[in-house]
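As structure tokens, the structure follows; a few thoughts come after it.
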Amino acid sequence: MHHLLPRIKTLAAAAAADIVALRQHLHAHPELSFVEFQTAAFVKEQLEKLGLQPQAMATTGLVALIEGRNPHKRVVALRADLDALPIEEQNDVPYRSRNSGVMHACGHDVHTSSLLGTARILSQLRDEFEGTVKLIFQPGEEKLPGGASLMIKEGVLENPAPVSVLGQHVFPYLPAGKIGLRPGRYMASTDELYLTVRGKGGHGAMPEQNLDPVLVAAHIIVAAQQIVSRRANPKLPSVLSFGKVIANGATNVIPNEVYLEGTFRTLNEEWREEAHGHLRKLVEGLAESMGATCELEIRRGYPYLENEPQLTARTRAAAEEYLGAENVVELDQWMAAEDFAYFSQSADACFYRLGTRAADGRFGASVHTPTFDIDHKALEVGPGLMAWLTLQELAQH
């Protein structure tokens with residue numbers, strides 16, 4: 001298999017300009033979660049140019065197979081996401097978003113174009129490997145319930161079933177040319193919290209005639225932190241944050257209700273369930289003890305993301321062969337969430353980060369910001385690297 005490494009690098013270099021052009025086209029035409037119709041049509045067209053037969057799944061998702069020799073021997077799946085974010089782009093570049101208020105601010109255009117590049121390389125090598133590569137282009141990563149969960153329900157991990165799933169994500173904190181990995185628990189589960197605290201409003205000068213939901217909400221916000229500080233195992237990361245509080249009274253008007261929104265994140269599914277129970281009991285009981293009521297809605301988000309240790313070790317070794325050991329770094333845990341976690345809960349999976357910052361510090365803006373962009377050198381690395389990782393994984397016994 002190692003005789004293919006220089007060939008992959010040659011094919012990747014030859015495809016680099018085309019892959020950048022694909023990324024720029026996708027970046028200029030972003031679409032929001034679950035309405036990626038033009039994006040999916042564009043990807044379908046590119047796959048068909050490679051002689052592949054993509055099939056629709058989860059409405060705007062696509063699945064395609066690249067079959068090598070002895071296609072049933074081993075199957076490896078590769079995943080990219082298609083959707084953009086509701087952000088107005090502020091970059092002054094020729095390929096800036098042409099869709100007002102929509103922007104590829106999380107790099108899904110990079111993931112999709114990179115996987116198209118990997119597909120191009122592997123299609124040219126299909127006589128050189130055994131097994132099958134399953135390409136997964138999923139919708140709606142940015143919006144619950146997550147396109148990954150929908151595609152899994154529709155059977156994306158069956159017929160044929162992959163032994164492992166690989167995914168990559170842009171990472172502006174690493175320079176282009178480097179990647180980062182972490183075995184085991186890597187990203188957090190995410191649950192959305194919606195609370196309504198109801199009391200009895202009235203004149204702010206006559207508190208004895210009212211039942212102040214603002215005060216109750218303030219107690220809830222403070223007291224809820226004991227779930228993280230006193231109920232959670234201190235060795236297990238947990239985050240509870242409230243980012244929206246609406247008490248629509250006035251300087252001298254106490255409102256009837258206060259509305260709160262927050263998030264709870266952790267890296268263990270059992271503790272996640274337990275914490276939901278603690279939180280519900282706390283907010284309802286505390287509100288009742290103060291004479292008010294509190295309704296809590298918990299919208300379950302993505303599970304935590306687990307990088308299967310042995311697969312991740314193989315991925316790291318193969319990446320070091322392709323990039324050099326100095327260009328493969330160990331990542332810290334990250335409390336953000338990703339719906340690739342559904343793949344990691346259903347199969348052996350490895351989700352790694354692709355450096356996108358320029359050596360001079362440009363392109364350092366974080367994802368989900370209006371100025372996010374990448375050093376296109378990353379697209380000279382991403383497609384070939386994933387092709388090499390795939391062939392190494394197909395060659396496992």
**Message:** side chain to side chain donor-acceptor pair (under 3.5 Å) for Arg79 and Gln138? Distances and angles first, verdict last.
**Reply:** CA-CA 7 Å; Arg79 175 267 201 172; Gln138 69 148 86; 3.1 Å; yes
**Request:** Verify, without hydrogens or angle tests, whether Asn233 (side chain) and Lys235 (backbone) share a donor-acceptor contact under 3.5 angstrom.
**Result:** yes
**Request:** Answer yes or no: is there a donor N or O on one side and an acceptor on the other, between the side chain of Thr118 and the main chain of Pro383, under 3.5 Å?
**Result:** yes
**Asked** Is it true that atom NZ of Lys134 has more than 12 heavy atoms of other residues, nucleotides or ligands lying nearer than 6.0 Å?
**Response** yes
**Request:** Test salt bridge (charged side-chain N to carboxylate O under 4.0 Å, His left out) on Glu308 and Arg314 and set out the steps.
**Result:** CA-CA 10 Å; Glu308 200 281 321; Arg314 294 195 299 270; 5.2 Å; no
**Item:** Exam field: side chain Asn91 to backbone Phe372, donor-acceptor pair closer than 3.5 Å
**Value:** yes
**Prompt:** Is a side-chain donor or acceptor of Glu141 paired with a backbone partner of Ala148 at a separation under 3.5 angstrom?
**Reply:** no
**Prompt:** Is there a path of hydrophobic side-chain contacts, each under 4.5 Å between heavy atoms of I, L, V, M, F, W or Y residues, that connects Val216 with Leu279?
**Reply:** yes
**Message:** Does Arg362 form a salt bridge (charged side-chain N to carboxylate O under 4.0 Å, His left out) with Asp360? I'd like the steps, not just the answer.
**Reply:** CA-CA 6 Å; Arg362 289 176 303 130; Asp360 61 7; 2.9 Å; yes
**Item:** His111/Phe340 aromatic ring centres below 6.0 Å
**Value:** no
**Request:** May I ask you to decide if His25's main-chain N or O and His29's side chain share a donor-acceptor pair within less than 3.5 Å?
**Result:** yes
**Asked** Counting heavy atoms not belonging to Glu326, are there more than 12 under 6.0 Å from its CD?
**Response** yes
**Asked** Are any side-chain N or O atoms of Thr132 and backbone N or O atoms of Val76, one a donor and one an acceptor, separated by less than 3.5 Å?
**Response** no
**Prompt:** Do Gln225 and Leu240 pass the side-chain contact (heavy atoms from CB on, under 4.5 Å) test, and can you show the C-alpha distance, the side-chain angles, and the key distance before you say yes or no?
**Reply:** CA-CA 7 Å; Gln225 291 302 327; Leu240 176 62; 4.1 Å; yes
**Message:** Closer than 3.5 angstrom, by distance alone: can the side chain of Arg357 be matched with the main-chain N or O of Leu174 as a donor-acceptor pair?
**Reply:** no
**Crowding at NZ, Lys44 (>12 non-hydrogen neighbours, <6.0 Å)** = no
**Asked** Do other residues, nucleotides or ligands put more than 12 heavy atoms under 6.0 Å from Glu320 CD?
**Response** yes
**Request:** Look at atom CG of Asn70 and say whether more than 12 heavy atoms of other residues, nucleotides or ligands are closer to it than 6.0 Å.
**Result:** yes
**Request:** Tell me, please, which residues at least two apart from Tyr259 pass side-chain contact (heavy atoms from CB on, under 4.5 Å).
**Result:** Tyr194, Thr196, Ile246, Glu261
**Asked** Checking side-chain contact (heavy atoms from CB on, under 4.5 Å) for the pair Asp373/Tyr95: CA distance, chi angles, key distance, verdict?
**Response** CA-CA 11 Å; Asp373 202 356; Tyr95 50 89; 2.6 Å; yes
**Item:** 4.5 Å side-chain heavy-atom contact, Leu135 and Leu52
**Value:** yes
**Item:** Shared hydrophobic cluster, Val228 / Leu193 (ILVMFWY, side-chain heavy atoms < 4.5 Å)
**Value:** yes
**Prompt:** Is Arg265 reaching over with its side chain to a backbone N or O of Met335, donor-acceptor style, under 3.5 angstrom?
**Reply:** yes
**Item:** Donor-acceptor pair between Arg23 and His27 side chains, under 3.5 angstrom
**Value:** yes
**Asked** Would one find more than 12 heavy atoms of other residues, nucleotides or ligands at under 6.0 Å from atom NE2 of His72?
**Response** no
**Item:** Same cluster (ILVMFWY, side-chain, under 4.5 Å), Leu116 and Leu11
**Value:** yes
**Fill in**
So salt bridge (charged side-chain N to carboxylate O under 4.0 Å, His left out) across residues 274-294, not counting sequence neighbours, yields none
**Message:** Any non-hydrogen side-chain atom of Glu393 less than 4.5 Å from a side-chain atom of Leu311?
**Reply:** yes
**Request:** Just do the side-chain contact (heavy atoms from CB on, under 4.5 Å) check on Leu236 and Leu267 with the steps written out, would you?
**Result:** CA-CA 7 Å; Leu236 179 62; Leu267 287 159; 4.2 Å; yes
**Prompt:** When you look at Arg272 and Asp191, which way does the salt bridge (charged side-chain N to carboxylate O under 4.0 Å, His left out) test go after all the steps?
**Reply:** CA-CA 9 Å; Arg272 179 189 188 188; Asp191 297 308; 2.6 Å; yes
**Asked** What pairs with Leu150 under side-chain contact (heavy atoms from CB on, under 4.5 Å), at least two apart in sequence or on another chain?
**Response** Phe34, Ala58, Pro145
**Prompt:** Does Ala387 offer a backbone N or O that forms a donor-acceptor pair with the side chain of Tyr322 under 3.5 Å?
**Reply:** no
**Prompt:** Does Glu257 reach the side chain of Glu295, with side-chain heavy atoms less than 4.5 Å apart?
**Reply:** no
**Message:** Are Val328 and Trp334 linked, directly or through intermediate hydrophobic residues, by side-chain heavy-atom contacts shorter than 4.5 Å (ILVMFWY only)?
**Reply:** no
**Item:** Test log, rule side-chain contact (heavy atoms from CB on, under 4.5 Å), inputs Tyr173 and Ser366
**Value:** CA-CA 8 Å; Tyr173 305 112; Ser366 175; 3.5 Å; yes
**Message:** Quick one: does any side-chain atom of Asp348 pair with a main-chain N or O of Ser164 as donor and acceptor, under 3.5 Å?
**Reply:** no
**Request:** Count the heavy atoms belonging to other residues, nucleotides or ligands that lie under 6.0 Å from CG of Asp92, then report whether that count exceeds 12.
**Result:** no
**Co-membership, hydrophobic cluster, residues Val102 and Phe37, 4.5 Å side-chain** = yes
**Heavy atoms from other residues, nucleotides or ligands near CD of Gln310 exceed 12 (cutoff 6.0 Å)** = no
